[in-house]
Amino acid sequence: MPTVELTRFRVDPARENDLLQARPQMLADFQADRSGFIEARLVRLPNDEWLDIVLWETPEDFAASRAKGANLPGIAAFFDAIGALVSAEEGTSV
């Protein structure tokens, strides 16, 4: 069963365009560099908050991705637009 990464974060409204413009390259970087990456969905929530839902083949793939951090320009640009982390969780899709 896939591992689900749930990351909730805040983005300053002045940085929303930066976040959205960086998203396609971040996803391309994940496809090229992150073993076990399946897909990601970005959800806009109220109060300048966002939820990123990412599916990984295994918990080990997710852990390896976290260890790499913002190692590529598209990933770094996306992370740079994030103002504050609200929560981060991991679960299993059923």
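Note that the structure is a prediction, hence the values are computed from the model and not measured.
- Remark: Asp61 does not engage Arg34 in a salt bridge, criterion side-chain N to carboxylate O under 4.0 Å.
- Between Phe37 and Phe30, the ring planes lie perpendicular to each other; the angle is over 60°, past the 30° to 60° tilted range.
- When the side chains of ILVMFWY residues are joined at heavy-atom separations under 4.5 Å, either directly or via intervening members, Leu72 and Phe79 end up in a single hydrophobic cluster.
- The closest side-chain heavy-atom distance from Leu45 to Trp50 is not below 4.5 Å.
- Once rounded to the nearest 0.5 Å, the distance linking CD of Glu16 with CD of Gln21 reads 12.0 Å.
- By the 4.5 Å heavy-atom criterion applied to side chains, Val43 and Ile53 are counted as neighbours.
- The CZ atom of Phe9 sits 9.0 Å away from atom CG of Leu85, with the distance rounded to the nearest 0.5 Å.
- Taking hydrophobic clusters as Ile, Leu, Val, Met, Phe, Trp and Tyr residues chained together by side-chain heavy-atom distances below 4.5 Å, Leu51 shares a cluster with Val4.
- For the residue pair Ala76 and Ala70, the shortest heavy atom distance occurs at CA-CB, 3.7 Å.
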- side chain to side chain contact (heavy atoms under 4.5 Å, CB included) between Glu39 and Val54: does it pass, once the steps are laid out? CA-CA 6 Å; Glu39 71 171 326; Val54 184; over 6 Å; no
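- In this structure, Leu55 and Thr3 have side chains that are not in contact, with every pair of non-hydrogen atoms separated by 4.5 Å or more.
- The distance from atom CD1 of Ile75 to atom OG of Ser65, rounded to the nearest 0.5 Å, is 7.0 Å.
- Side-chain contact between Thr7 and Ser87 is absent, with no heavy-atom pair separated by less than 4.5 Å.
- In plain terms, the two heavy atoms of Asp29 and Gly74 that are nearest each other are OD2-N, 2.8 Å.
- Residues Asp48 and Pro13 meet the side-chain proximity criterion, which asks for heavy atoms closer than 4.5 Å.
- Both Leu27 and Leu20 are part of a single hydrophobic cluster, where members link through side-chain heavy atoms under 4.5 Å apart.
- At distances below 3.5 Å, at least one donor-acceptor pair connects side-chain atoms of Lys68 with backbone N or O atoms of Asp33.
- Using a 4.5 Å cut-off on side-chain heavy atoms (C-beta onward), Glu90 and Pro59 make contact.
- Proximity of Asp80 to Asp18: side-chain heavy atoms (C-beta onward) are nowhere separated by under 4.5 Å.
- Side-chain atoms of Leu19 and Leu42, non-hydrogen and from C-beta on, do get closer than 4.5 Å to each other.
- Note that the OG atom of Ser35 and the CH2 atom of Trp56 stand 9.0 Å from one another [nearest 0.5 Å].
- Scanning all heavy atoms of the two residues, the minimum distance from Pro2 to Ile38 falls at CB-CD1, 4.1 Å.
- The backbone N or O of Glu49 sits nowhere less than 3.5 Å from a side-chain atom of Asn47 that would complete a donor-acceptor pair.
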- Message: Test side chain to side chain contact (heavy atoms under 4.5 Å, CB included) on Met1 and Thr58; report intermediate values, then the result.
- Response: CA-CA 8 Å; Met1 286 184 258; Thr58 68; over 6 Å; no
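- Scanning both residues, Asp12 and Ala14, for their nearest heavy atoms gives OD1-N, 2.7 Å.
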